[in-house]
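We count residues from 1, following the sequence as given.
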Amino acid sequence: MDSCSLSAVLDILTPALPSLVGTLIGGAVTLLATCMTARHQNKLEDKRLDASREDEWRRFERDNLAGLQEAIQRGMRATGKCCLQMDKLATEGKELADWIC
């Protein structure tokens with residue numbers, strides 16, 4: 001290739017060079033923006049999943065706490081009934097012992 005043909009090729013490419021550089025820069029900016037958007041979307045999704053897990057855990061704790069409170073209340077009622085029954089039997093036993101003696 002001689003210098004004349006090289007010069008002709010450069011003369012043809014020179015006007016298109018700014019457009020080509022602009023296209024490359026635009027593509028790079030678009031790619032960078034896409035990567036940043038994807039990263040941001042992933043962070044938002046992680047936060048949403050974490051919030052969902054926390055809500056699920058709070059609901060689980062609340063349900064367990066409600067069940068525990070119900071069990072304690074049933075146990076307290078049963079203990080109260082048992083104490084009343086024992087007091088009644090003790091009173092009857094004392095009356096019976098007093099009657100025998």
Side-chain angles (χ1 to χ4, degrees):
M1 205 179 211
D2 65 350
S3 65
C4 272
S5 59
L6 184 59
S7 178
V9 170
L10 287 176
D11 287 342
I12 293 171
L13 291 178
T14 302
L17 193 59
S19 176
L20 179 61
V21 170
T23 301
L24 290 174
I25 290 172
V29 168
T30 302
L31 183 61
L32 180 64
T34 302
C35 289
M36 290 175 68
T37 301
R39 189 178 307 134
H40 181 68
Q41 288 290 66
N42 288 340
K43 286 180 183 178
L44 289 176
E45 181 68 18
D46 289 345
K47 286 181 182 179
R48 187 188 66 76
L49 287 174
D50 289 345
S52 176
R53 283 187 207 113
E54 285 180 23
D55 288 345
E56 225 175 272
W57 179 252
R58 285 188 189 124
R59 189 171 29 258
F60 175 75
E61 285 181 326
R62 189 172 44 247
D63 291 345
N64 280 346
L65 182 60
L68 181 61
Q69 287 172 335
E70 290 172 7
I72 289 171
Q73 288 173 353
R74 282 194 303 269
M76 289 174 68
R77 280 191 226 105
T79 301
K81 287 179 184 178
C82 183
C83 288
L84 286 174
Q85 186 69 26
M86 288 174 52
D87 185 50
K88 180 181 172 188
L89 291 173
T91 304
E92 288 175 3
K94 184 177 183 248
E95 289 174 356
L96 184 62
D98 288 344
W99 180 78
I100 292 175
C101 293

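Remark: side-chain polar atoms of Thr91 are paired, donor with acceptor, to backbone N or O of Asp87 under 3.5 angstrom.
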List the atom pairs, donor and acceptor, that lie under 3.5 Å between side-chain atoms in residues 21-31 and the rest of the protein, sequence neighbours left out.
unit_1: Thr23; atom_1: OG1; unit_2: Ser19; atom_2: O; d: 2.8
unit_1: Thr30; atom_1: OG1; unit_2: Gly26; atom_2: O; d: 2.8

Taking distance alone, no hydrogens or angles, what donor-acceptor pairs closer than 3.5 Å link side-chain atoms of residues 53-72 to residues at least two apart or in another chain?
unit_1: Arg53; atom_1: NH1; unit_2: Asp50; atom_2: OD1; d: 2.9
unit_1: Trp57; atom_1: NE1; unit_2: Glu61; atom_2: OE2; d: 2.8

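Inter-residue side-chain proximity for Glu45 and Arg48 is flagged as met; some heavy-atom pair is nearer than 4.5 Å. No side-chain heavy atom of Lys81 sits under 4.5 Å from any side-chain heavy atom of Gln85.
Other members of a hydrophobic cluster containing Leu84 are absent, since no ILVMFWY side chain comes under 4.5 Å of it, directly or through relayed contacts.
Atom CG of Leu49 sits about 11.0 Å away from atom CG of Leu44, to the nearest 0.5 Å. In this structure, the separation between NE2 on His40 and NZ on Lys43 is 8.5 Å, given to the nearest 0.5 Å.
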